[in-house]
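Beneath this line is the structure, given in structure tokens, with notes to follow.
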Amino acid sequence: MSELTSVPKAISGPSSFLDDRLGAGNFLKRNLRKIFPDHWTYLLGEVALYSFIILLLTGTFLTLWFKPGMEHVIYDGSYAPLKGVGMSQAYASSLEISFDVRGGLLMRQMHHWAALLFVASMMVHMLRVFFMGAYRKPRELTWLIGVILLTLALAEGLTGYSLPDDLLSGAGLRITEGVAISLPLVGTYITFFLFGGEYPGMDVISRFYSLHILLIPGILLALIGAHVVLTWVQKHTQMPGRGANNHNVVGAPFYPAFMLKAGAMFLFTFALVAGLGTFAQINPIWIFGPYNPADISAGSQPDFYMGFLEGSLRLMPAWEINLFGTAHAGTLPLSVIIPALLPMGIIMTGLALYPFLERWVTGDHRALHVSDRPRNNPHRTSIGMSAIVFYGVLWLLGANDELSANFQISLNVTTYVGRVLVLVGPVLAYIITYRICLGLQRSDAAVIGHGVESGVIKRLPHGEFIEVHTAPIDTVEDSLRAKEPVPMLPVEEDSAGIPPKGMRGPLGKLRAAMSKSYGGEKIPLDDGHGHGHDDDEHAAVGSGDDKSITRH
Amino acid sequence: MTRTTAWRRHPLARYAVLVLALALIGVAYATLVQGSRPADAALASGKLDDVAQGKSLFQAHCSSCHGLSAEGTSTGPTLVGVGAAAVDFQVSSGRMPAANPGAQAPRKPTPRWVNEETTRQLAAYVQSLGGGPTIPSKDQVDPAMGNAAKGGELFRANCIQCHNWGGAGGALTRGKYAPSLNESSPQQIYEAMVTGPQAMPVFNDTTITPQEKRDMIAYITEVRSQRDPGGFGLGRIGPVTEGLVAWVVGISFMALVAIWITAKKRKKS
């Protein structure tokens with residue numbers, strides 16, 4: 001290394017030029033050595049980021065040929081079964097991209113696959129953050145930005161999906177219109193602003209186009225920037241374990257270690273999208289045909305991220321309220337409003353409020369940088385799982401016609417089962433998850449309490465056989481011992497039987513009850529049986545002369 | 001003398017061997033001639049007419065549900081007036097004779113007695129009972145003579161509500177379903193339109209002219225034989241399988257990649 005003490009002039013010249021003007025050297029020195037913790041789940045959010053970059057690139061390519069117009073044209077391109085068929089300009093130009101633009105179909109397919117991957121990886125990333133409690137102070141704003149990003153991604157997907165103006169996307173547009181117009185009071189106005197008149201009109205594609213390529217991506221880009229900068233500035237959370245605490249970051253520096261990993265992750269994401277775009281057909285609009293409001297197809301489905309809305313619409317009984325008993329006075333179509341707004345509202349509002357609700361219940365105002373293991377906060381994990389089941393049942397039932405057609409189940413049965421499952425499933429998931437979490441905590445306590453099974457059978461002098469337990473390896477033990485009780489408010493009544501301040505009204509009592517249930521230590525680590533009593537069989541390992549030990 | 005030798009020399013042994021040999025020859029003969037048509041000779045000489053032959057086939061294979069004179073029973077509807085096209089559709093696609101009562105009779109391999117000849121005879125018999133739609137001619141169902149683009153518009157307007165944009169089929173209520181059109185012959189597609197089998201409505205010649213039917217057949221056969229330009233077609237049922245691939249292939253792949261990338265730990269110095 002000694003021969004490289006002086007920097008070559010070709011490098012030192014420009015770099016000191018920049019350094020003198022931008023102060024770039026200090027900035028880089030500080031940031032290139034930024035430490036990032038290492039865990040595979042921390043890379044999932046990056047998949048969303050890289051999918052977004054691919055979306056921007058392929059989307060730009062598509063705008064060069066796409067014509068967002070609804071003027072009626074007669075198709076005269078290469079796809080024979082549609083020759084001479086009347087269609088909108090948007091659909092005709094989508095066909096042109098697919099069949100007559102070199103590489104156009106590949107770009108279209110990559111764009112669509114990247115869109116699915118974008119939303120899917122956001123969801124997985126969000127679940128990771130939720131279950132590890134990485135949304136807690138000081139990261140609530142990052143979390144909120146993430147929730148907004150997810151909502152915007154759904155809107156971005158919906159508008160983009162509608163652009164080719166094919167029969168399938170038209171069905172989605174029709175449902176969008178139905179939902180918009182079902183809203184009391186404002187429904188007709190919203191529909192009018194969106195469609196510029198009676199459905200479908202001539203404006204909706206060009207309006208969706210500006211939303212899809214300009215407004216929403218612009219906001220997405222800005223928010224993604226804010227999301228990443230916040231992560232950078234606040235530093236990434238880390239897994240509990242050796243040396244990690246709330247005042248440090250254990251990991252590898254950005255340059256070179258993390259940069260290489262992130263770069264590799266980008267290349268793999270790109271490879272996946274390119275591979276899927278090449279080998280797996282997606283959204284074959286030429287088979288669907290041009291949109292015509294009179295036509296509707298069996299198996300009309302939205303893209304997966306809208307599936308839960310589709311499912312809730314399909315599960316909903318046909319309820320409606322006719323004001324004053326007549327349709328002339330106005331109708332409140334509950335069968336549309338409830339499925340369109342309620343599940344989305346529950347999920348998105350729930351996500352946005354969760355960090356604040358949790359803090360209200362636990363009273364935990366510390367800045368936390370160490371993740372929870374999901375089992376160590378069993379109520380949170382159970383709430384997350386029941387939300388997944390709620391969402392999952394709706395999502396699954398969005399495809400109930402395909403389930404019925406491909407697995408020979410009566411369509412009506414899928415609906416009835418779905419209606420029960422969407423209510424019972426989350427409750428069952430909550431109970432089962434809670435029990436599993438406690439079971440896992442017990443198993444952790446057992447590992448700390450009397451070690452792990454070594455597979456060695458030992459015979460004691462009096463003839464008894466025992467299995468020798470050994471201490472877990474350091475890294476495992478550290479991460480187990482990092483467990484902390486879930487914080488709890490001071491809810492105990494004083495000697496006079498008076499609850500503490502703020503816990504007295506009905507809301508306060510509820511808060512105290514929730515805190516008591518949510519917080520606290522369910523299975524203390526040292527509660528494992530056999531921690532050093534002489535009459536316990538496992539205690540015998542402690543008295544042995546081998547490596548086996550017992551923890552007190 | 002062992003026991004076997006004693007058996008062999010038993011007075012009845014020769015008869016037993018004879019019977020066994022005859023049985024073997026009989027079974028072998030029956031197996032060999034199974035494929036050929038038993039009524040060939042009679043038909044060639046014109047001694048049997050189709051209606052009479054069809055009636056006996058009907059009574060053997062169909063009458064348990066449809067009644068001895070096709071008058072219908074509690075388990076099967078009357079076939080008076082359904083026409084030859086209905087018989088040809090149901091029998092040539094294996095839907096009839098039905099294997100078991102259910103929401104809908106599925107397409108299945110035809111039983112051994114079914115062939116072009118016997119189907120024609122059966123159809124002639126049912127046609128003789130009360131008329132109805134007849135089997136279309138070869139020209140009427142020739143995809144080459146139809147206009148696929150025109151047929152596509154009609155197909156989207158009339159068929160895809162149940163059969164899906166690509167003819168992949170779809171679910172109907174209470175276990176009924178619209179079957180996939182991928183295996184249907186042009187003749188079967190035509191017959192289904194004129195007879196309206198099972199849950200399907202009838203598209204008679206005033207609703208959709210024979211020329212338009214041929215256009216639709218042209219569209220259906222052209223699209224189903226098309227190679228998917230975008231790669232593997234994923235069953236052509238749209239976003240459900242696409243979403244499945246995005247999660248099962250996409251997210252699993254990226255998770256495995258992430259695990260692999262972070263698995264390479266720095267050696268402790």
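Order of the sequence lines sets the chain letters (A, B, ...), proteins ahead of strands, with each chain counted from 1. Source: prediction; values computed, not measured.
The residue among B:Gln226, B:Lys176, B:His163, B:Arg236 with the most heavy atom pairs within less than 4.5 Å of chain A is B:Gln226.
Below 30°, between 30° and 60°, or above 60°: for B:Phe58 and B:His66 the angle between ring planes is between 30° and 60°, a tilted geometry. Using cut-offs of 30° and 60° for the angle between ring planes, the A:His236 and A:Tyr42 rings count as tilted.
Interface remark: B:Glu222 contributes side-chain atoms only to the contact with chain A (heavy atom separation under 4.5 Å). Of the atoms belonging to A:Tyr75, not a single heavy atom falls under 4.5 Å from chain B. Interface residue A:Ile282: backbone and side-chain heavy atoms are both found under 4.5 Å from chain B. Residue A:Ile287 touches chain B through both its backbone and its side chain, counting heavy-atom pairs closer than 4.5 Å. Both the backbone and the side chain of A:Leu82 come within contact range of chain B, with heavy atoms under 4.5 Å apart. With a 4.5 angstrom heavy-atom cutoff, B:Leu234 touches chain A only via side-chain atoms. When heavy atoms are compared at a cutoff of 4.5 Å, A:Thr278 approaches chain B solely by way of its backbone atoms N, CA, C and O.
Residue-level contacts of residues 246-256 of chain B with chain A, in order of numbering, are B:Ala246, B:Trp247, B:Val249, B:Gly250, B:Ile251, B:Phe253, B:Met254, B:Ala255; threshold 4.5 Å between heavy atoms. Within residues 189-216 of chain B, no residue has a heavy atom under 4.5 Å from a heavy atom of chain A. Of all residues spanning residues 143-155 of chain B, those with a heavy atom less than 4.5 Å away from chain A's heavy atoms are B:Ala148, B:Ala149, B:Glu153, arranged by number. For residues 290-306 of chain A, heavy-atom neighbours of chain B at less than 4.5 Å comprise A:Pro290, A:Asp295, A:Ile296, A:Ser297, A:Ala298, A:Gly299, A:Ser300, A:Gln301, A:Pro302, A:Asp303, A:Phe304, sorted by residue number.
Here the two rings, on A:Phe52 and A:Phe118, have centers that are under 6.0 Å apart. Residues B:Trp165 and A:Phe288 bring their aromatic ring centres within 6.0 Å.
No donor-acceptor distance shorter than 3.5 angstrom exists from the side chain of A:Glu402 to the backbone of A:Ala399, with no hydrogens or angles considered.
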